[in-house]
Amino acid sequence: MTGGARLAGEVRVTGAKNSALKLMAAALLAEGVTVLDEVPRILDVSIMSELLRRLGCVVEGVGTGTLSIDVPAVPGHEADYDLVRSMRASISVLGPLLARCGEVHVAFPGGDAIGSRGLDMHIDGLVKLGATVENEHGYLIAKAPKGLVGTSVWLDFPSVGATENILMAAVLAKGTTVIDNAAREPEIVDICAMLTAMGAKIDGAGTSMLEIHGVDGLAPVRHRTVPDRIVAATFAVAAAVTHGDVMVRNARSEHLEIALDKLTAAGAAVSALDDGFRVVMERRPHAVDVVTLPYPGFATDMQPQFAVLNAVSDGHAMITENIFEARFVFLQELLRLGASIRTDGHHAIVRGVERLSGAPVVATDVRAGAGLVLAGLVADGETLVSGVHHIDRGYDDLVSQLTALGGSIQRELEPEPRF
Ligand code: UD1
């Protein structure tokens, strides 16, 4: 891509990757046809669809935005290594399958190279619900032949994945489960909304205390995926760094409060639209400090994008990464583009430079990839981002969307067809 174009126009965001994948897993909790709308056309959805097919589900509509998942009376209970390895979110079938089948074998995950990302809280929660969990030949094997029983679970950290797995196991457990220090992300609220429509009894969605009253069975529903706040924020920052004027449609600004406040502090004019918001930037951005924290704190998935904003700002700022220690690997790539950054542990000081300078760079995870694309949009000359399959995992045709806004960006390699 060639930097320098000012982005202007409007862009529509689809449903959230981090919600859609879990809604697909939640479908396993009910026999019959679940229909999900606003499903993003991304690689991770293809991988999750294949995983569900191998469990005996019939999945249709991949790539159309509306997915139908026909779940059999008795789904399979094994998630293969080749799929789980390529997408960590596969482990979200753990809770639903344990609840439905009383036994589940899930390969230990891989996915983004962004830190150790343990499973201890997932496992502890399921054990408290009465499961036995063993690690054999690279597989995590959880069993609860007599069913799960409601309990109290306190999470050391409000882990998104652990909250979801324990929640999806608890909806069919006997009695009441309380998850304390639960994650509060909008995607968790979305899953709770779908589970509730399916017949689950859940109090406290969006708070740090979830109370789940187990029911005997759930029914399939049609559900619309919550808009992707990270994709929305990516376009918002794209507008800011290119001194652009972008209307981001199908976005929920209440899920982006800190990020939009930071953009305002950086000098952007952010205004509300009926179905989203508009970001106008007429000057070089000021640098803004960011500290990543669980929701409602500043999202770690927006950290690379804001690092790029700071890299071209007129000051200096501190970025503190509290969620994934390895996320700063991305900053090494920004250095290749001429950014001025010093890191110390989980802090980075970014000093803005007048211009970045295009170079070949490598995306190491989905959000790093988005950050590098934003950097390429403002770097002098040509930037070549490799590892684009990472971007395909979470962005629904980012190249076309940026081109439509006036960005000068081409895709050299077509996406590999998957499943
Ligand atoms: C999800 C999102 C990811 C986002 C992250 C934090 C999906 C598919 N991914 O990831 O985009 O960046 O939330 O908002 O939804 N941890 C443990 N033990 C556990 C579980 C987690 O130590 O049992 C640690 C992880 O190593 C990490 C932190 O907790 O340092 C946060 O992880 P978690 O909130 O679980 O993130 P994910 O669900 O993996």
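Side chains are part of it too, since the values below use all heavy atoms of this structure and drop only hydrogens, waters and symmetry mates. Atoms within a ligand are numbered from 1 in the order they appear, just like the ligands themselves.
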request  = Would you sort out whether K22 and E185 count as a salt bridge (Lys or Arg N to Asp or Glu O under 4.0 Å), showing the intermediate values?
outcome  = CA-CA 13 Å; K22 323 305 174 62; E185 270 67 2; over 6 Å; no
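Residues I69 and V33 fail the side-chain proximity criterion, which asks for heavy atoms closer than 4.5 Å. Side-chain contact between T14 and V39 is absent, with no heavy atoms from C-beta onward closer than 4.5 Å.
Proximity of R367 to ligand 1 is not established, as no heavy-atom distance is less than 4.0 Å.
Contact annotation: for L119 versus ligand 1, heavy atoms closer than 4.0 Å belong to the backbone alone. The backbone and the side chain of D120 each have at least one atom closer than 4.0 Å to an atom of ligand 1 (non-hydrogen atoms only). With a heavy-atom cut-off of 4.0 Å, K22 touches ligand 1 through its side chain alone. Only the side chain of F324 comes within contact range of ligand 1, with a heavy atom under 4.0 Å; no backbone atom does. Contact annotation for I323 and ligand 1: heavy atoms of both the backbone and the side chain come within less than 4.0 Å of the ligand.
Side-chain N or O atoms of D228 include one that pairs as donor or acceptor with a backbone N or O of K17 at under 3.5 Å. At distances below 3.5 Å, not a single donor-acceptor pair connects side-chain atoms of T383 with backbone N or O atoms of A379.
Taking the six-membered ring for Trp and the full ring otherwise, the centers of Y81 and F108 sit at least 6.0 Å from each other.
Interface atoms of ligand 1 facing R88, defined by a heavy-atom separation under 4.0 Å, are 39 (O). Those atoms of ligand 1 that come under 4.0 Å of a heavy atom in F157, given as number and element, are 28 (C), 29 (O), 31 (C). Close approach to G161 involves these atoms of ligand 1, each under 4.0 Å from a residue heavy atom: 35 (O), 38 (O).
Among the atoms of D301, some N or O lies under 3.5 angstrom from an N or O of ligand 1. Considering backbone and side-chain atoms together, K17 places no N or O closer than 3.5 Å to any N or O of ligand 1.
In this structure, D344 places its CG atom where only 12 or fewer heavy-atom neighbours from other residues, nucleotides or ligands lie under 6.0 Å away. The local environment of NE2 in H213 is crowded, with over 12 non-hydrogen atoms from other residues, nucleotides or ligands closer than 6.0 Å.
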